[in-house]
Every structure is written in C-alpha cells, then in structure tokens.
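These notes are about the structure you will find just below.
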Amino acid sequence: MAPMERLLVIGGDAAGMSAASQARRRRPPEELEIVAFERGNFTSFSACGIPYYVSEIVEDLDELVVRTPEEFKAKQSIDARVRHEVTSIDTSKGAIEVLDEDGGSTSWESYDQLLIGTGATPIRPKLDGVDAERIFGVQVLDDGAAIDALLDSEKLETAVVVGGGYIGLEMAEAFVRRGMKVAVVDQAPEPMTTLDPDMGALVGEAMRAMDIELYTGEAISGFETTDGKVSAVVTRERSLPAQIVILGLGARPNSALAEEAGIEIGPTGGIKVDRRMHTTTEGVWAAGDCAEKFHLVGRHPVAIALGTHANKEGRIAGINIGGGYATFPGVLGTAVSKICDVEVARTGLKTAEAESLGFEIESVVVDSTTRAGYFPHAAPIKTKLIVERMSGRLLGAQIVGKAGAAKRIDTLATALWNEMTVEEMLNMDLSYAPPFSPVWDPVLAAARAAVSKIESSRR
Ligand SMILES: Cc1cc2nc3c(=O)[nH]c(=O)nc-3n(C[C@H](O)[C@H](O)[C@H](O)COP(=O)(O)OP(=O)(O)OC[C@H]3O[C@@H](n4cnc5c(N)ncnc54)[C@H](O)[C@@H]3O)c2cc1C
C-alpha cells in the first residue's frame, strides 16, 4: 500500500532530523513516508564538538555523529540520503529538485509536507583573496573533518581567526592546543560582541594569557595568497602570516533556497515562521538556524544560531507535522562557551540592545568567587546584570569566570524566562556549600547590587 503522505526534509542535522524523528513518533511508516536530504556526508552531527575534535580532545570524528543514515533507516524507517543537495523548491507543484552529488543526476521529489532545516552560512567578507584555499567557515561536520585532515597531513604553524565570535575563538584555542601560533583579528573593540565590551575584555585577557595574539579595532582589508593558498591576513596596520584562516564573523540564516521559492523571509534574513514553525506557505515548515526567532525580552525578531534552539524548534515542527499541536514561545539567546581558561555565558539583552529597544536601564557588575573565598581553588567570577530601572525587571545577564558560569547563567535565564524582577530574585532559594559558591552566590550578590542601584536611582 502506498504511503498516504510524504514528508521531505532539507538538511540532515539538528532541526531537520529532530523534526523527522518527532513526526515519525506520531505517524508510522504506513501513514507517513519520511525522506531527508543532506548535502554533506553526515546526519545528526554535533557541530558544537568540532573545536574539540580539531584540538584532539575528542579523538574520533564518529563520536560527533549522533545517528547515521543506516541507524535512521533501521530504527525509525527514515530514509536519510547524504550527499544529496536540494537545488530548488517548487511550492506550486509541491516538489523539490535534488542533485545526487555522486551520480551527478537531478530529480524532482514531491511532498505533502516540507521541512526546511538548512542551517546557517558563515559570513564571508567580499575581499580580495577570500576564495583562496585554506580559508574556512565552520558550520558543518565536513568543515571540521577538512580542517583536521589538513592539520594531520601538513605541519602548519600559523593560523589567523578573522572575527571574535565564539566559534572562531573556540577554533583559535584548538589551534593553540595543536601547537600553532594563533592570531585573532576583530574590528570590534573587544572580542565576543554578544557580550558588553567590559565583559568581552575579560575574554580578551584569557586569550592573551594563552598566547593568542589579539588585534581588536582592526578591520581586515584582504588576504594574501601563494599558489592559490592563503598566506597572510592583511589589515591596514599589519600583515599576519596565516597558513590557515578561520572566518569567525558569525553566520547568516541559510534561507536563499526558500527565498528563491517565494517563501516569506523575515527582516533578519531568517525564514518567517509562526509559533508552530509553519512558514507563510501552506505545507512548508522551517526550523533551526535558517528560521527567524522571536526574542522574548525584546519582543522583536532575531537571527540567533544555536543548537539549543534548533533541536527544540525541530521537535515542535515535527509534532505539528505529525498531527499534534505544539508551539515554540521564542528565545532568550542563552549561550555558554569555554574560551581558553574561562567560562563565558550570556542570556537576554546586552546593554546596547536594551537601550536601542528603548528600555531605561541600570546595570551592575559584581566581582565574586566561584567557591567560598577560603576554599582551595576559589577563583574570580564576574557577573553583570542589566535591569529595567523602574520595574526592576531583569533584561539580561553575562558571566565570565573560571568555573560555574555555565550553570549560573541558567538560573538567570530561568529568572528572565519568568520575567522576574531583581527584588524577586533576591530571596530565591539557591543552593550553597563552600566547594560550590560563597554563601551569597554570585547570582544573588549581583541581584543585591542591582536592587541597591535601582533603589538609589529612583530616589
Ligand atoms: C564550531 C561550532 C560550535 C558550536 N557550538 C555550539 C554550542 O556550544 N552551543 C549551541 O547551542 N550551539 C552551538 N553551535 C551552533 C549549532 O551547531 C547550530 O545552531 C545547529 O547545528 C543548527 O542546527 P540546524 O539543523 O538548524 O543547522 P545545521 O546544523 O547547520 O544543519 C543544516 C544542514 O543542512 C544541510 N543543507 C543546507 N542546505 C542544504 C541543501 N540545499 N540541500 C541539502 N542539505 C542542505 C547542511 O549541510 C547541514 O548539514 C555551534 C556551531 C559550530 C559550527
């Protein structure tokens, strides 16, 4: 008996395969055929693990693959076809054009439901030499595999990361761990522009302490090449030798395929979706980095590329495709990274964002310790809160510290999610024992400081 409906998925990673898996849970193969097309070599991989694979903390690339096409077939009757690129969508016919990268042939595949999970595309500046060999954007596992293979096959000594986003910085650290001389160039005054500059400066300190050369406030003007390969990154001030370059300038939603098909794109460049992850085109869904997000504090559309969002959005889309009802409320942009020797965490709005959205704010920065001050290995941790002055509502938070930033930011994200004021946060019943925190945890110490500041500013 022919399947009653057909779901096609474009993109075989977090968003696409989460959606496929959820749809399968609700509808058996007799009711719903599911075919996923992935242009790379891997399905359901952890791009987040790439820096740890390149640095050789993770030894085997396969460890970063959560589920292979064979496993999808055997366990869930999902036909995941790698090395198949979708080149066009025809929404009027309900079909997509697929290129088989090995055979070179194209075919049209029809759908009843289509899920677009094409991810994001690393930003490539339009500068001389940018298309030279060995200039990498890092987005998918194939990028990680290619970088690692290059480092294994040749003894490269110099790397330059262009841009100070967390992906570039994680890669910079990976190169240091591989024994290379590494420079990072960023045109912003401090690295990690998802933080306020004062908190970003702490990241810069941690990088310098690991012998990463950091050039801030410098825009690159081009790349020098030798025999088609990159040899240097050029700024107005200097030329930095580079046998390999990582573009760490952020990523844009990969929405071109959707846009060409007339599917509506939002103001941030992401595919416009409703709260069920349905696009404005009947039968077409989108999730993950390619889809526009709604910011829960700013109440505005944003393009934020995070695996946490992609997995959740894919799940929501899959439930709806499978005949259920689920909604995705929006995002706070909660993120954490380990950059050199520090944990760097953020959630909600940073100062400049809050101000540009019209909030009247106060902010506090509190120095504290990761453990009770007298406890061995107590280390500094800095917490910044951004608060609406008159209401006392928390709008955003950032933490940089040797340890414990990751989980503390989740407390703050929970407060933000529940629209708590700093007064309400003050008495939250958070845990304490000397090996884990001072008796006033940095989160509570920061809330206290914020309460004092807004009280005095209101007088
Ligand atoms: C180095 C690195 C570290 C990261 N660390 C973190 C972290 O610590 N925490 C966190 O939350 N997030 C992290 N992220 C971000 C996270 O990996 C992404 O947000 C997440 O993978 C997005 O999932 P997605 O399914 O939307 O897109 P992707 O994972 O990009 O998957 C999209 C897939 O679609 C395929 N595709 C695109 N176009 C086509 C087409 N036309 N035809 C067929 N296939 C196509 C691509 O090949 C890709 O496999 C990191 C990302 C990187 C690169």
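Since the structure is predicted, the reported quantities are computational estimates derived from the model, not experimental observations. Counting starts at 1 for both ligands and their atoms, following the listed order.
- In this structure, atom 6 (C) of ligand 1 lies nearest to the protein heavy atom Cys48 SG, 3.1 Å.
- In terms of protein heavy-atom proximity, atom 43 (C) of ligand 1 is nearest to Arg39 N, 3.3 Å.
- With hydrogens and angles ignored, the 3.5 Å screen pairs no side-chain donor or acceptor of Ser255 with any backbone N or O of Cys290.
- Every atom of ligand 1 with a heavy atom of Ala305 under 4.0 Å away is listed here by number and element: 19 (O).
- Looking from atom 30 (O) of ligand 1 to the surrounding protein, the closest heavy atom is Gln139 NE2, 2.9 Å.
- Looking at every heavy atom in both residues, Thr268 comes nearest to Glu292 through OG1-OE2, 2.5 Å.
- Contact annotation for Asp289 and ligand 1: heavy atoms of both the backbone and the side chain come within less than 4.0 Å of the ligand.
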- Task: Might you work through the side chain to side chain donor-acceptor pair (under 3.5 Å) test for Gln113 and Tyr111, ending with a clear yes or no?
- Result: CA-CA 5 Å; Gln113 309 274 346; Tyr111 63 81; over 6 Å; no
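- Leu115 has its side chain out of reach of Leu8: every pair of non-hydrogen atoms, C-beta onward, lies at least 4.5 Å apart.
- Atoms of ligand 1 lying under 4.0 Å from any heavy atom of Gly117, numbered from 1 in the order shown and given with element: 32 (C), 33 (C), 34 (O).
- With distances taken over non-hydrogen atoms, the option nearest atom 11 (O) of ligand 1 out of Ala310, Ala335, Gly307 is Gly307.
- Those atoms of ligand 1 that come under 4.0 Å of a heavy atom in Phe37, given as number and element, are 43 (C), 44 (N).
- Within the 4.0 Å heavy-atom criterion, both parts of Leu306, backbone and side chain, lie near ligand 1.
- A donor-acceptor contact shorter than 3.5 Å is absent between the side chain of Asp79 and the backbone of Val35.
- Neither the backbone nor the side chain of Cys290 comes within contact range of ligand 1; no heavy atom lies under 4.0 Å.
- With a 4.0 Å heavy-atom cut-off, ligand 1 is reached by the side chain of Ile10 but not by its N, CA, C or O.
- When the heavy-atom distances from atom 25 (O) of ligand 1 to Ala15, Gly11, Pro253 are ranked, the shortest goes to Ala15.
- By the 4.5 Å heavy-atom criterion applied to side chains, Lys382 and Ile399 are not counted as neighbours.
- Residue Glu170 has no N or O atom closer than 3.5 Å to an N or O atom of ligand 1.
- Considering only heavy atoms from C-beta on, Trp108 comes within 4.5 Å of Asp90 through its side chain.
- The shortest heavy-atom contact between Ala146 and Phe136 is CB-CE2, 4.0 Å.
- Contacts of Asp142 with ligand 1, taken as heavy-atom pairs under 4.0 Å, are absent altogether.
- Ranking protein heavy atoms by distance to atom 27 (O) of ligand 1, first place goes to Gly119 CA, 3.2 Å.
- Atoms of ligand 1 lying under 4.0 Å from at least one heavy atom of Ala14, given by number and element, are 23 (O), 25 (O).
- The side-chain heavy atoms of Tyr53 and Leu61, taken from C-beta on, include a pair separated by under 4.5 Å.
- Atom 37 (C) of ligand 1 has Thr118 O, 3.4 Å as its closest protein atom, hydrogens excluded (heavy atom only).
- Close approach of ligand 1 to Asn254 (heavy-atom distance below 4.0 Å) involves ligand atoms 37 (C), 38 (N).
- Within the 3.5 Å criterion, the main-chain N or O of Gly104 finds no donor-acceptor partner in the side chain of Asp100.
- At a heavy-atom distance under 4.0 Å, only backbone atoms of His84 (N, CA, C or O) approach ligand 1.
- Proximity of Leu257 to ligand 1, defined as any heavy-atom pair under 4.0 Å, is confined to the side chain (atoms from C-beta onward).
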Taking only distance into account, with no hydrogens and no angle test, what donor-acceptor pairs under 3.5 Å do side-chain atoms of residues 411-420 form with protein atoms, sequence neighbours excluded?
from	atom 1	to	atom 2	distance (Å)
Thr414	OG1	Asp410	O	2.7
Asn418	ND2	Thr414	O	2.9

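- Salt bridge status for Glu33 with Arg6: present, with a side-chain N to carboxylate O gap under 4.0 Å.
- Without hydrogens or angle criteria, Thr158 side chain to Gln243 main chain gives a donor-acceptor distance under 3.5 Å.
- Contact annotation: for Phe42 versus ligand 1, there are no heavy atoms closer than 4.0 Å.
- Among protein heavy atoms, atom 28 (P) of ligand 1 sits closest to Asp13 OD2, 3.7 Å.
- Listed by number with element, the atoms of ligand 1 under 4.0 angstrom from any heavy atom of Pro51 are 1 (C).
- Taking both residues in full, the closest heavy atoms of Asp289 and Gly119 are given as CB-C, 3.5 Å, listed atom of the first, atom of the second, then distance.
- Atom 51 (C) of ligand 1 has as its closest protein heavy atom Ile167 CD1, 3.6 Å.
- A pairwise comparison of heavy atoms in Pro267 and Pro301 identifies CG-CG, 3.8 Å as the closest pair.
- Residue Ala47 touches ligand 1 through backbone and side chain together, judged by heavy-atom distances below 4.0 Å.
- Listed by number with element, the atoms of ligand 1 under 4.0 angstrom from any heavy atom of Tyr166 are 4 (C), 5 (N), 6 (C), 12 (N), 13 (C), 14 (N), 15 (C), 50 (C).
- A 4.5 Å side-chain heavy-atom check between Val161 and Val185 finds every atom pair outside the cut-off.
- Distances between N or O atoms of Val86 and those of ligand 1 include at least one value under 3.5 Å.
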In residues 318-331, what donor-acceptor pairs under 3.5 Å come from side-chain atoms, sequence neighbours left out?
from	atom 1	to	atom 2	distance (Å)
Asn320	OD1	Arg276	NE	2.9
Asn320	OD1	Arg276	NH2	2.8
Asn320	OD1	Ala326	N	2.9
Asn320	ND2	Arg276	O	3.1
Asn320	ND2	Ile316	O	3.1
Asn320	ND2	Ala326	O	2.8

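- Closest heavy-atom approach to atom 35 (C) of ligand 1 among the candidates Glu101, Met17, Glu38: Glu38.
- Summary of contacts: the protein heavy atom closest to atom 53 (C) of ligand 1 is Val138 O, 3.3 Å.
- Short contacts between ligand 1 and Thr308, defined as distances under 4.0 Å to a heavy atom of the residue, involve ligand atoms 11 (O).
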